[in-house]
Amino acid sequence: MILSRDTLCDLYKAMIIIRLFEESLVEPILSGEVHTPCHLCSGQEAIAVGLCKALSQDDYIFGNHRSHGHFLAKGGSLRALAAEIYCRETGCSRGRGGSMHLIDPTVGMLGSAPIVAGTISLAVGAALASSIRKDGRISVSFLGDGATGEGVLYESLNFAALKKLPIIFACENNLYATHMPIRECRVNRPIRKIAEPFGIDNHEVDGNNILQVYDKVQQAAEACRKGSGPVFMEFLTYRYRGHVGPDDNVQGLHMDLRPQEELAHWLEKDPIQRLERYIREHHVMDELELQSFKREAENEVQDAKAYAESSARPRIEEITRYVFA
Amino acid sequence: MSLHRKLSYSLAINEALHQVMSMDPSVFLIGQGVKSPWYVGNTARGLIEEFGENRVIDTPVSENGITGAAVGAAIAGMKPVVVHPRIDFMMYAMDPIINEAANWFYMNGGRANVPVVFWGIINRRGEQAAQHSQALHALFAHIPGLKVVMPATAHDAKGLMVAAIQDPNPVVFVDERLLYGLEGPVPQEIYHVEIGKGCLRRQGKDVTIVAVSLMVHEAIKATQELIDDDIDAEVIDLRTIKPLDRELIIHSVNKTGRLVVVDVGWRSFGISGEIAALVAEASFETLKAPILRVALPDCPAPASVMLENGYYPSARDIVQAVRRIM
Ligand SMILES: Cc1ncc(C[n+]2csc(CCOP(=O)(O)OP(=O)(O)O)c2C)c(N)n1
Ligand SMILES: [Mg+2]
C-alpha cells in the first residue's frame with residue numbers, strides 16, 4: 001500500500017501532537033497542577049491515529065481510561081482536551097469529567113470512561129443503532145488487554161456476531177493491566193483468539209507500525225461496512241509511562257513496576273521514530289519539513305495548555321447544572 | 001500497654017487480616033491488587049509472604065466472576081474476603097452479591113449460609129469524577145440479607161473486619177481511602193467490634209449528630225465550634241449501617257430532642273432519610289425541631305476541584321445545620 005504524502009504527513013503530525021501533549025503533562029502532574037488521574041498513552045499513538053484516520057468522521061468510537069490519543073485522533077480539539085484535563089469550563093466535558101471522560105459527539109467520539117470494559121457494550125449499541133438505521137457507519141470499541149477479563153466483552157462479541165453488527169473491537173495489548181503482567185491475567189494464548197468461537201474475523205497487528213495499523217483497519221472497516229459483521233483486532237504495543245501518571249508512584253516512590261530492559265526493548269520500536277524513518281527513506285519530507293512539523297505541533301500543544309490554564313474553572317453555583325434527576 | 005499502641009486505619013485492617021487468617025485456615029483474600037501496595041495501600045502488606053498465593057489471590061479484572069467465585073467458595077465452607085479497590089468496580093458484581101449471596105440463606109430455607117465479606121473502598125476527591133468517587137453503601141443497605149459496616153477509626157476498622165469475617169452471613173465492609181493514614185489506638189490482640197452497634201463519640205445534651213465513616217470526624221470538629229455557641233452536641237458514630245443501632249439513636253434523641261444526620265452518600269433515598277424516618281416513627285413526640293440531613297447533593301461526583309469543594313460537606317455544613325434547628 002502506497003500512501004499519499006498528505007496522508008503520511010497527517011499521520012505523522014497527529015502522532016507527534018499526541019506524544020508532545022502527553023509528555024507535556026508530566027511536569028504539571030508531578031507539581032500537582034493537574035490532579036485528575038491521567039493515563040498517558042505515550043508509546044501507543046500509532047493505534048489511535050492509524051485506526052481513527054482509517055475511519056470517516058461519521059464513524060463512532062468509544063474510549064476507555066487511556067483515551068487522550070483516541071479523542072485527538074478522532075478529531076477532538078486539543079484545546080478542549082487540555083482544558084478538560086485542567087478541569088475547566090471550556091473542557092470537552094466542561095470540567096465535570098476530567099481526563100477519563102472525553103467526548104466530542106460532533107466528530108463521532110461518543111465518550112470514554114474508566115470502568116474497565118464499561119464502554120464495550122456501548123460501542124456495540126452504537127453499531128446496533130447504525131444497523132437499524134442502515135446509515136453505513138461503523139463503530140469502534142477501544143479496549144485494553146485488561147478488559148478481556150470482563151464478562152461483558154464476551155456477551156458483546158456474541159451479540160455483535162449474532163447480529164452482524166458493524167463494529168471493530170480494537171484491543172490495545174500493552175502487556176499490562178495496572179500492576180499485573182498479562183501472564184498473570186490470562187492463559188498464554190493470543191488475545192485475538194477469543195473472537196474465534198464467535199466466528200468473528202480476527203487479526204494481530206503490530207500496534208507500533210502505523211502503516212500496518214492504517215492498512216489493516218481500512219480493510220476491516222470496509223468489511224464492516226459491507227455487512228460482513230464484526231472484526232476483532234489485537235494491536236501489540238507498550239506504554240512508556242506508568243499506569244496512571246508519569247510513573248507507577250507506589251507509596252510515594254516514583255518507579256516503574258516493569259523491568260527496565262523491557263521498556264528499553266519497546267523504546268526501540270517507537271512508532272513515531274519508525275514513521276520518521278519511513279518518511280526519510282522514501283523522501284516524503286526532508287529534514288526541514290520534519291522539523292517544522294515538530295515545531296508546529298509544539299506550538300499547538302503550548303497554545304492548548306495556555307488556553308486551558310487561562311480558562312475559567314466551573315463555578316460552584318453551577319454544580320448541579322446538567323443534573324436532571 | 002495495648003491501650004496506647006497506635007496504628008493507622010489501613011494497617012489496622014492489615015492486622016485484622018493477618019490475625020484472622022492465621023487463626024482460621026478457611027479465610028482467604030481475593031481481589032485486584034492484593035499483591036501490590038500500588039492498589040490497596042498497605043492493607044495487604046505481608047499477607048502473600050505469610051499465607052502464600054493460595055490464600056492471597058490477585059485477580060484479573062473480572063469483578064462479577066471473582067465475586068461470584070468468592071460466594072461459591074463461602075457456600076462450600078470457606079470464608080472469603082473479596083476486595084474491590086474502588087466500590088464503583090463492585091457494580092459489576094451486583095448479581096452475586098444481591099441476587100445470590102444476600103438471598104441464598106433465606107431462599108434455601110436456612111440450609112446453607114454464606115460467610116463472605118465484600119470489601120469496597122470509597123475513593124472520594126482527586127478530580128476522579130463520577131465513576132471513581134461514589135459512596136454506594138446505601139445500595140447494599142437496602143437489600144435484606146446484607147449487613148453493612150463502615151468504620152470511622154483505626155480501632156473499628158480492625159474490629160469490624162474481624163467481626164465481618166467471622167460473621168456467618170454476608171457482610172459488606174465499606175471503608176474510605178482518605179481515612180487510611182488516620183492513626184488511633186489499636187489493641188494488639190485480636191478483638192471484634194460487634195456488628196449492629198454504634199457508639200457515642202461525644203456526649204452532649206442539646207442535639208444529636210448521627211454520622212458515619214469520614215463524616216464522624218467532621219461531626220466531632222463541628223462540636224468544637226458549636227461549643228462557642230453554647231451548644232452541647234452529642235455525636236453518634238454508626239459504625240454499622242445495617243442493621244442500625246436503633247436503641248442508641250433513639251435513646252440519644254429522646255435526651256436531646258434534636259437530630260442532624262450526616263452521611264458520606266447522597267441525600268435522597270440514603271441512610272440519612274432512613275434514620276430520620278426511624279426517629280420520626282419511634283420518638284416523634286420528643287422532637288423539638290425538624291430533623292435535618294447533611295449529605296451529598298443529588299449529583300454525580302464532579303471532576304473539577306472547585307466543584308468538589310462545594311460537593312463534599314464538611315464540619316461547617318454540620319454547624320450550620322445544627323444552628324438552624326436550635
Ligand atoms: C471495573 C473496573 N475494575 C478495575 C478498575 C481499575 N483499573 C483501571 S485501569 C485497569 C487496567 C486496565 O488495563 P488494560 O485494559 O490493559 O488497559 P491499560 O491500562 O493497559 O491501557 C484497572 C484494573 C477499573 N477502572 N474498572
Ligand atoms: Mg493493558
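Order of the sequence lines fixes the chain letters, A, B, ..., with proteins taken first and strands second; residue numbering starts at 1 for each chain.
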Aromatic A/Tyr176 / basic A/Arg258 pairing, under 6.0 angstrom, 45° off normal: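 Relative to the ring axis of A/Tyr176, which defines the angle, A/Arg258 lies inside both limits.
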Residues from residues 148-162 of chain A approaching chain B under 4.5 Å (heavy atoms):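 Contacts with chain B: A/Gly149, A/Glu150, A/Val152.
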B/Glu53 atom CD: more than 12 heavy-atom contacts under 6.0 Å: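 At most 12 heavy atoms, drawn from other residues, nucleotides or ligands, come within 6.0 Å of this atom.
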Residues, nucleotides or ligands: over 12 heavy atoms within 6.0 Å of B/Met91 CE: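 Check passes, neighbour count above 12.
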Salt bridge A/Arg313-A/Glu318, side-chain N to carboxylate O under 4.0 Å: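 Here A/Arg313 does not pair with A/Glu318 in a salt bridge, since their nearest N and O are not under 4.0 Å apart.
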Does any heavy atom of chain B fall under 4.5 Å from the side chain of [X], the backbone, both, or neither of them?
| X | result |
| --- | --- |
| A/Arg315 | backbone |
| A/Ala325 | backbone |
| A/His101 | side chain |

Ring geometry between B/Phe89 and B/His132 (parallel below 30°, tilted from 30 to 60°, perpendicular above 60°):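 Perpendicular.
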Residue part contacting chain A, namely of B/Glu63, when any heavy atom lies under 4.5 Å: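 Both backbone and side chain of B/Glu63 come within 4.5 Å of chain A.
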Chain A contact via B/Tyr92 - which portion, at a heavy-atom distance below 4.5 Å: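 Contact with chain A involves the side chain of B/Tyr92 alone.
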Selection from A/Val323, A/Thr320, A/Asp248, A/Thr178 maximising heavy-atom pairs under 4.5 Å formed with chain B: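 Among A/Val323, A/Thr320, A/Asp248, A/Thr178, the one with the most close pairs to chain B is A/Thr178.
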Within the 6.0 Å centroid threshold, strictly below: A/His39 and A/His243: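 Ring centroids of A/His39 and A/His243 are less than 6.0 Å from each other.
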